[in-house]
Amino acid sequence: MPERALARIRPAAVERNCARLRASLAGGAQLCAVVKADGYGHGAVRCARAAQTGGASWLAVATAAEAADLRRAGIDGRLLVMGALTSDELDMALGAAADVVAWSTDFVRALATHRGDRPAQVHVKLDTGMGRLGTDDPREARGVARRVAEAKRLRLAGVMTHFATADQLGDEHFPAQLERFGAFVADMRAEHVGLVAHAANSAATLREPASHFDMVRCGVAIYGLDPFQEDPALQDLEPALELESYVAAVRRFRPGQSAGYGRRWRPSEPTWVGVLPIGYGDGWRRGLTNNCDVLVGGSRRPLVGTVSMDNVTVDLGPETDVAVGDPAILIGTQEAERITAEDVAARLDTINYEITCGLTARVSREEGR
Ligand SMILES: Cc1ncc(COP(=O)(O)O)c(C=O)c1O
């Protein structure tokens, strides 16, 4: 039975991508698999399990609720909540036995009064140039770390930073951030033992072994998406998601007829049009109107007309043997043709992350091999 909007997820690909990343790590660094935002749209729990099987010894999420969801599903092992936390969220994160991130003494004070039954594991964040969370003052970061180390119910587990431009090859900001963090790590190691220093996202992991420190935090690459927005195959990564719909109707169009809202496409010659029951309500964005291809019957077909909430239309050409019920691949391969999340992102002037994260809950997820 065809499904109107189906994301086929292959946990085995996540497992292999993790194993491939892990094998490339310098000096025995550990792999932390980032499974926030429901595993970048792939399903956090299934991807967390696959990542662990593939050799990830840590998991990371953005929010306390994401950590609690993983624990409820029975996921164990080290888990880091990377985002900012309100006091309620802090209770939830610690209740999920997750490590948390600190960069201010106020937050450390709140942490020190937590009610949990085990010491809270804390990572101090230096902002070396992302300009988001963390303190950009290494002295302040050292002070925060000292307070954590001195507090009875806290443990200083690690130090971290995050790169702003690791995906932009040749950019000078990345080496500058790396140098700042390297100096900070050296200072911190002189004062504290057993710290896990971590900085690298997927792009940094793939391009610069010196960024690996004790652990890397890879998100996009574990899903087989290219952090450099080219082709995952160039990085030996295997996409873990395919997006499929089906042809719900095949219609003959005459010149002058139009498809969809606003009449934004009208054929100049007679042609066949296939209607696929997927739209922006599923995350197939309206900006793809007259602006992407879909694979049907082993060929690329242009999406024509306006993307609606629940339907899109594709031009099947003047003669067609496409029939109602035939599968339509929006991301993935069909015979010799392939459309990647990177291709779709380029059409929308965005990044592959936003394409898979943007697939809505209405898209059913099915595990494949
Ligand atoms: C702090 C932090 N570390 C690591 C990652 C993983 O990045 P990527 O998906 O590019 O590997 C993210 C994701 O945005 C992040 O916010």
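Nothing fancy with the numbering, it's 1 onward along the sequence. Numbering of ligands and ligand atoms starts at 1, following listing order.
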So for ligand 1, is [X] a polar contact partner (N or O within less than 3.5 Å, distance only)?
X    : value
V34  : no
G219 : yes
S202 : yes

Considering non-hydrogen atoms of the protein only, which is the closest contact for [atom], and what is the distance?
atom                    : answer
atom 10 (O) of ligand 1 : Y353 OH, 2.6 Å
atom 1 (C) of ligand 1  : M82 SD, 3.6 Å
atom 9 (O) of ligand 1  : Y40 OH, 2.6 Å
atom 2 (C) of ligand 1  : H162 CE1, 3.3 Å
atom 3 (N) of ligand 1  : R217 NE, 2.9 Å

Which atoms form the tightest heavy-atom contact between T63 and V81, and what is the distance?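 Nearest pair, atom of T63 first, then V81: C-CG1, 3.7 Å.
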Is there a heavy atom in [X] that sits closer than 4.0 Å to ligand 1?
X    : result
A221 : no
M130 : no
K36  : yes

Can you name the atoms of ligand 1, numbered from 1 with element, that are less than 4.0 Å from a heavy atom of C218?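 Reading through ligand 1 atom by atom, the close ones are 11 (O).
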Please identify which atoms of ligand 1 are closer than 4.0 Å to at least one heavy atom of R132.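 Reading through ligand 1 atom by atom, the close ones are 16 (O).
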Going by atom types alone, do [X] and [Y] pair a side-chain donor with an acceptor below 3.5 Å?
X    : Y    : value
H198 : H212 : no
S364 : E3   : yes
E342 : N352 : yes

With a 3.5 Å distance limit and no angle check, can you tell me whether T165 reaches the backbone of Q168 through a side-chain donor-acceptor pair?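 A pair under 3.5 Å: no.
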Proximity of F181 and F163 rings by center, below 6.0 Å: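 No, the ring of F181 stays outside the 6.0 Å limit from the ring of F163, centre to centre.
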Is there a side-chain contact between L295 and R300 (heavy atoms, below 4.5 Å)?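 Answer yes - side chains close enough.
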State, with a plain yes or no, whether a side-chain heavy atom of T135 is found less than 4.5 Å away from one of D127.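 No - every pair of side-chain heavy atoms lies 4.5 Å or more apart.
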Given L206, V61, N201, which has its nearest heavy atom closest to atom 7 (O) of ligand 1?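 Looking at heavy atoms only, the winner is N201.
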Can you tell me which residue among H173, Q177, E179, H162 is in a side-chain contact (heavy atoms from CB on, under 4.5 Å) with T128?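 Only one option passes, and that is Q177.
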